[in-house]
Amino acid sequence: MSSPFEKRRWSVRLVVINFSSKLNPGILGSENVGGEFWRRGCLGILWENPRLPGVHPQKAGLIERIAILFCLSDSPLDSDVARTIEEGTTEEEEEEEEEEETRPKMGVVKLAIGDVVITFLWVIVAASLAPLGTIITSYFQVQPPHDLLVMTALIFLLVVVFNVVGELLGGASFNPTANASFYAAGLGNDSLFSMAIRFPAQAIGAVGGVLAMAEYAPAKYKHMLAGPAVQVDLQTAAIAEGVLTFVISLAVFFIIFKGPKSSFLQTLLISMATVGVIVAGSSYTGPSLNPVNAYGWAYIRKKHNTWEQFYVYWLPPLVGSTLAAWVFRLFFSPPAQKVKTA
């Protein structure tokens with residue numbers, strides 16, 4: 001028969017006194033709890049089913065054990081340990097705590113898998129915008145600059161759909177700059193550890209999406225699937241990519257936290273801002289505004305491991321989005337967010 005001390009929740013009252021007490025210390029009756037106290041420089045005396053004067057019998061019956069601990073004056077018996085002692089810990093509770101410790105790691109793995117899926121889909125759909133825009137403008141005979149309205153509408157639909165997809169995948173993301181900026185702003189669920197797992201996953205999804213487009217896209221539209229490319233010197237390209245990512249990241253923060261409350265208007269404004277930076281950067285870097293998107297297209301051109309790829313399409317966007325988060329946090333103070341455990 002198992003001991004109620006090991007299997008049931010129990011209540012104790014903790015009294016911490018100096019080891020120089022005249023009372024002779026003894027060892028606690030539970031090996032686990034006693035060992036924990038011992039490692040922290042404590043010994044104790046355990047009373048079984050004590051009769052407490054002045055305590056109602058029903059309440060006294062709830063107290064199965066009482067321990068008085070004798071600790072060295074410098075023993076590291078902190079508040080967490082004291083709370084554990086006061087509340088008691090069963091084997092089942094210890095197992096639950098171990099499971100909770102592993103949940104964040106499992107959550108990161110699930111997010112990484114979701115990132116692979118959503119980035120794969122994003123690259124395919126985003127690469128299809130140019131051919132689709134051409135088809136629509138040709139069919140309806142839309143002339144510049146009204147073709148920008150078509151592109152804005154397509155990006156609007158794209159953002160709406162992928163917001164839903166991201167939620168269905170548990171918060172999956174297809175852009176490392178979004179993860180980095182929200183982390184820098186103190187928002188979201190990411191950590192340095194989770195981003196170290198998610199960024200490679202997003203890159204894998206991007207490569208898969210580009211390979212799928214290169215293989216299955218209609219031949220007459222394949223010339224439109226070149227992806228972002230540097231069209232100026234590297235220094236200018238790096239500055240352009242960093243500044244444009246800074247602008248769009250700051251715009252997204254402002255629209256979400258300081259803009260209209262309507263999700264429709266927020267998405268519309270983000271779409272308009274996106275089209276604006278795309279037009280502004282089209283003669284410099286594409287632009288990409290998304291390191292893994294550029295990585296995917298560079299991969300099929302065998303340029304994914306070049307200095308150009310890192311210097312233009314990785315470093316500046318991550319720096320720009322992080323600076324945007326810091327600026328917004330400094331001047332606009334985003335509201336505190338309750339972070340869900342991944």
Side-chain angles (χ1 to χ4, degrees), residues 80 95-126 159 161-210 241-242 245-246 248-250 252-253 255-257 270 288-296 298-299 304-305 309-310 313-330 333-342:
D80 291 337
E95 292 176 358
E96 290 178 0
E97 291 177 358
E98 291 178 357
E99 290 178 0
E100 289 179 358
E101 290 178 356
T102 60
R103 282 173 193 161
K105 296 179 181 179
M106 294 301 297
V108 171
V109 173
K110 291 179 180 179
L111 280 174
I113 295 173
D115 288 349
V116 172
V117 175
I118 197 171
T119 309
F120 174 84
L121 297 174
W122 170 267
V123 169
I124 291 176
V125 178
V159 173
V161 170
F162 275 85
N163 280 342
V164 175
V165 174
E167 289 295 327
L168 292 176
L169 293 175
S173 172
F174 51 82
N175 193 338
T177 64
N179 300 97
S181 61
F182 273 77
Y183 171 77
L187 303 168
N189 303 321
D190 274 306
S191 63
L192 293 177
F193 170 77
S194 67
M195 288 189 289
I197 301 298
R198 299 183 69 179
F199 288 2
Q202 292 166 353
I204 292 172
V207 170
V210 170
E241 194 73 12
T245 308
F246 173 87
I248 189 62
S249 298
L250 188 60
V252 168
F253 275 118
I255 291 169
I256 292 176
F257 296 108
I270 291 174
S288 173
L289 311 175
N290 184 338
V292 297
N293 178 60
Y295 179 86
Y299 182 85
H304 58 287
N305 57 352
Q309 179 66 204
F310 174 77
Y313 291 111
W314 275 97
L315 186 59
L318 291 175
V319 171
S321 60
T322 300
L323 289 177
W326 288 346
V327 169
F328 184 81
R329 189 173 184 177
L330 178 62
S333 298
Q337 176 175 320
K338 294 182 179 179
V339 179
K340 298 180 182 179
T341 304

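Nothing here was measured: the structure is a model prediction, and the numbers come from that model. Values below: all heavy atoms of this structure, side chains included; hydrogens, waters and symmetry mates excluded.
- Within the 4.5 Å cutoff, the side chain of Val123 has heavy atoms near those of the Asn293 side chain.
- Note that CG of Leu169 and NZ of Lys110 are 12.5 Å apart. Values are rounded to the nearest 0.5 Å.
- Atoms OG1 and CZ, on Thr119 and Phe199 in that order, are 11.0 Å from each other to the nearest 0.5 Å.
- Residues Ala185 and Ala325 share a closest heavy-atom pair of N-CB, 3.7 Å.
- Put simply, CG on Asn175 and CH2 on Trp122 are 8.0 Å apart, with the number rounded to the nearest 0.5 Å.
- Residues Pro317 and Thr245 approach most closely at O-CG2, 3.4 Å, considering heavy atoms.
- A 4.5 Å side-chain heavy-atom check between Phe246 and Val327 finds at least one atom pair inside the cut-off.
- In this structure, Phe253 has its ring center closer than 6.0 angstrom to the ring center of Phe182.
- Considering every non-hydrogen atom in both Val292 and Pro176, the closest pair reads CG1-CG, 3.6 Å.
- Closest non-hydrogen pair, Thr177 versus Pro291, comes out as CG2-CD, 3.6 Å.
- Contact detail for Gln309 and Ala298: the closest heavy-atom pair is NE2-CB, 3.3 Å.
- You'll find the side chain of Ser181 stays beyond 4.5 Å of the side chain of Thr322, heavy atoms only.
- Atom CZ of residue Phe328 and atom CG of residue Leu323 lie 15.0 Å apart, to the nearest 0.5 angstrom.
- Under the 30°/60° scheme for interplanar angles, the aromatic rings of Phe162 and Phe174 are found to stand perpendicular.
- Checking each of Ile204, Val210, Asn305, Val207 against Tyr295 for a side chain to side chain contact (heavy atoms under 4.5 Å, CB included) leaves exactly one that passes, namely Val207.
- Distance check: Gln202 CD to Ile118 CD1 gives 9.5 Å after rounding to the nearest 0.5 Å.
- Taken from CG in Asn189 to OG in Ser194, the straight-line distance is 8.5 Å, to the nearest 0.5 Å.
- No hydrogens or angles considered: nothing links the side chains of Asn290 and Ser288 as a donor-acceptor pair under 3.5 Å.
- With 3.5 Å as the limit, one finds no donor-acceptor pair spanning the side chains of Asp115 and Ser173.
- In this structure, the side chain of Arg329 engages the main chain of Ala184 through a donor-acceptor pair within 3.5 Å.
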